[in-house]
Every structure is written in structure tokens, then in C-alpha cells.
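Chain identifiers are assigned alphabetically (A, B, ...) following the order of the sequence lines, protein sequences preceding nucleic acid strands; residue numbering begins at 1 within each chain.
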Protein chains: 2
Amino acid sequence: MIQLTQTSYVVLGLVARAGEATPYDLKQVVSATIGGFFSIPHSQLYAEPERLARAGYLSERRERTGRRRKHYSVTGKGREALRDWLRTPTDELYELRDPGLLKLAFGADPKMLAGTQLAAHERRLQELRDLASVLEAAGAPEEQRLVADAGVGHAREYIRFWKRVAGP
Amino acid sequence: MIQLTQTSYVVLGLVARAGEATPYDLKQVVSATIGGFFSIPHSQLYAEPERLARAGYLSERRERTGRRRKHYSVTGKGREALRDWLRTPTDELYELRDPGLLKLAFGADPKMLAGTQLAAHERRLQELRDLASVLEAAGAPEEQRLVADAGVGHAREYIRFWKRVAGP
DNA sequence: ACCGTCATGTAATCGGTTACATGATTCT
DNA sequence: AGAATCATGTAACCGATTACATGACGGT
């Protein structure tokens, strides 16, 4: 019926893990976990669960008093969709779509770009390292750590690249 | 007035380089050059120049007979916008948003993912290498080659990562 | 003459971004 | 008590994707 996007699966996955969650809960978890490589603006975390609920993947319980928050949980249909998604490998690749590379490709001055990009990627690398050590300290599951490691590897690769561009 | 997106700059940049171009020309060039890390569906290459023309960044000349193709060229305003963009470094970073990593983060079986992802990234690596050697043979400008190199580096990094996940 | 593929375009829909707005808490 | 920040939500707009459609052209 509706198209399930990556955002949909993020929401399904997070709600499934939490049992029940409000958009705000989701927001918290998103930035704490996959925020490093897949962020979602908070307004989407209101819109998307609603869409999923309309299509029967989530059920909605609204508080009767106070803030009237909406609490979502996964339905059978939702759980099934999530499971199917998880057990199907993808050969889809995501494109880099990197602003720095784009400017480079269109003739911006490489050395000028390199400075700023290097700094930005070094900042990110630091964040990811912090995240990685938090995850380790918290005894997070292996996958979480792998994902953080992937991020670290990519940041390092970017840094290598821009250093080379910056020249000796 | 209007928001200039990365797509806008791609169009501006390509039209500027070509002098005059139809959407179809753009389509060709996109896949030949930045296609590897920043693709744009052809319908966008019809819509975006129109948008840019309405806002005064491009001028439009329509054939009077036959296919009535639209030919675009860059106006002064367009050229200026492009130049400003090119000489401003960015600290913006693009997120990976990688489907494979996402599934990994939500508990898909790592080894299962690794196989398919590895194959896909190896295919891409090969493509990028081919592109790189074509560029070199054609004596393409340094930046073009750098961009291709960046792609190669990333593909390699992905491959390292998924090999590690696949385990010994 | 026909078929397939390249070339060219438009329309509809929708997810995502940006901006706005206000209730709760916490801190000084 | 007031300011600042966190929490929570809605609305409007718009770029991007998907789907549909047809014209030209090269080969058999």
C-alpha cells in the first residue's frame, strides 16, 4: 500500500525495540544510536509514525489528559514487515553525495576545500570515537559497535583523502 | 529567492561548462562524470533547469521546429552564484545513510549482509577504476581524477569493513 | 515495415525540510 | 519571577521520485 522507506524501517525498528514509544522518545534514540550516519529531523518522527499507523504497521494510543502524547507500538503487520526487511540482504548502495567532492568536481580550489573539510571530518571522527567508547563501556551489542566502527573507518578515509589533496 | 540545492549547482556547473545544453545533454554528462557519487534522475534534469530559468539563473531558448528542445545557458546571475559557491569552502558533511549499515544496526545477520554488500561494493570499485583509467587516458583535469580517486578509496574502505564483518 | 532502444518530455504524488508555535521544566 | 532550554507538535512548501507517454532513429 504505502511505500516503506528507510525512515519507515528506522521507526519500525526503534519502536519495536522500545515496545512503546512517543515521537520524542524516538528522537532521543535516533541521535544516540544511528545519528552519526542517518539522522532524521524531529518533525519526521511525528509524521512518519502517523503514516505507518494509518497503514496498519503501528498502533497508536493517545494520552487522554495532560500533553496528550501519542504512544506507538508495532502491530503484527509491522513486525512482519520489519522481519522481512531484516532478513533480506541488499545490494543497494548509497551514494556519497558529498558537498566537498561536488565542489571539487566543479573546479573549486582543492587546497581551499581541503582545510575546511579536513577539520570537519576530524571533528566527526572524534565524535564517532567517543560514541564507540561509550558503546563499548555500555556493553552495547556487537552490531552497534560495528556500525560505529564503519563510521570511524569512513572518517579516516576522508581524512586520508583530503590530506592528500592538501598536499605535502 | 529560490533555494539553490546541490542539484542546482550541478546543473549550473554543467551548463556553464557546456556553454549551452539541453536536459538530455545534462543527463549524459551527469552519468559520465559525477554519476558515481551523485546521480540525478532525468526528470529532475528537466525540472531543475526550468526552476533555475524562472529564477533568472539560466536562460532558455526553445527550438521552433521539430522536437522543440529547450537549450539552456547560464546568465550573469547564474555565473555569479556558481562562482560564489565554488569559492566558499564547506564544512558540511554528508551522511552515509547506507542501507546495509542500517540493517546491520537493527540486527540483521551480519554475515548474510556481508556477502551481498561485498559483491556490490566490489562491482562499484571496478566501475570506478574503469572510470579512473578512462579519465587518465583522456587526460582529464586533475579534479576529475581526484574525485574518482575518492570514490575508489571509499569503495575500498567499505570492502575492508564488510570483509571484517564476514569474518575469517 | 517493424522492433527495439534512445531521446524527450509531463504529471502526480509524497517524503522531507523549514518555519512557526506553545507547554513544561529547570536554573539563577 | 523571569529566562533559558527542553519537549512537543502542526503547517506549508518544495524538491525528488515514480510513472506514464510519445517521437525519432538505427538495424534486420
query: After noting the C-alpha distance and the side-chain angles of B:His71 and B:Glu63, does the key distance pass the side chain to side chain donor-acceptor pair (under 3.5 Å) rule?
result: CA-CA 8 Å; B:His71 297 255; B:Glu63 294 176 359; 2.9 Å; yes
query: Between atom CZ in A:Arg54 and atom C1' in C:dG15, what is the gap in whole Å?
result: 12 Å
- request: Quick one: do A:Tyr158 and A:Arg124 satisfy side-chain contact (heavy atoms from CB on, under 4.5 Å)? Show the steps, please.
  value: CA-CA 11 Å; A:Tyr158 265 117; A:Arg124 170 176 280 189; 5.8 Å; no
task: Establish, from distance only, whether the side-chain atoms of B:Ser59 and B:Thr75 form a donor-acceptor pair under 3.5 Å.
output: no
- line: Residues passing the side chain to side chain donor-acceptor pair (under 3.5 Å) test with B:Thr5, sequence neighbours excluded, are B:Ser8
task: Check the distance between D:dA16's P and B:Lys27's NZ and give it to me in whole angstrom.
output: 18 Å
- request: Show your reasoning for whether salt bridge (Lys or Arg N to Asp or Glu O under 4.0 Å) applies to A:Glu50 and A:Lys70.
  value: CA-CA 9 Å; A:Glu50 218 167 283; A:Lys70 290 174 179 169; 3.4 Å; yes
message: Both A:Gln3 and A:His42 contact DNA chain C. Taking the nearest nucleotide for each, which residue is further toward the 5' end?
response: A:Gln3
message: What is the distance, to the nearest angstrom, from the CG atom on A:Leu26 to the C1' atom on C:dG16?
response: 17 Å
message: From CZ of A:Arg69 over to P of C:dG23, roughly how many Å is that when rounded to an integer?
response: 15 Å
field: Interatomic distance, B:Ile40 CD1 vs D:dT18 C1' [rounded to whole Å]
entry: 17 Å
Donor-acceptor contacts, no H, no angles, side chain residues 107-118 of chain B, under 3.5 Å, sequence neighbours left out:
residue  : atom : partner  : partner atom : Å
B:Asp109 : OD2  : B:Met112 : N            : 3.2
B:Lys111 : NZ   : B:Ala166 : O            : 3.2

task: Mind running a 4.0 Å heavy-atom check of residues 43-53 of chain A against DNA chain D and sending the residues that fall below it, in number order?
output: A:Ser43, A:Tyr46
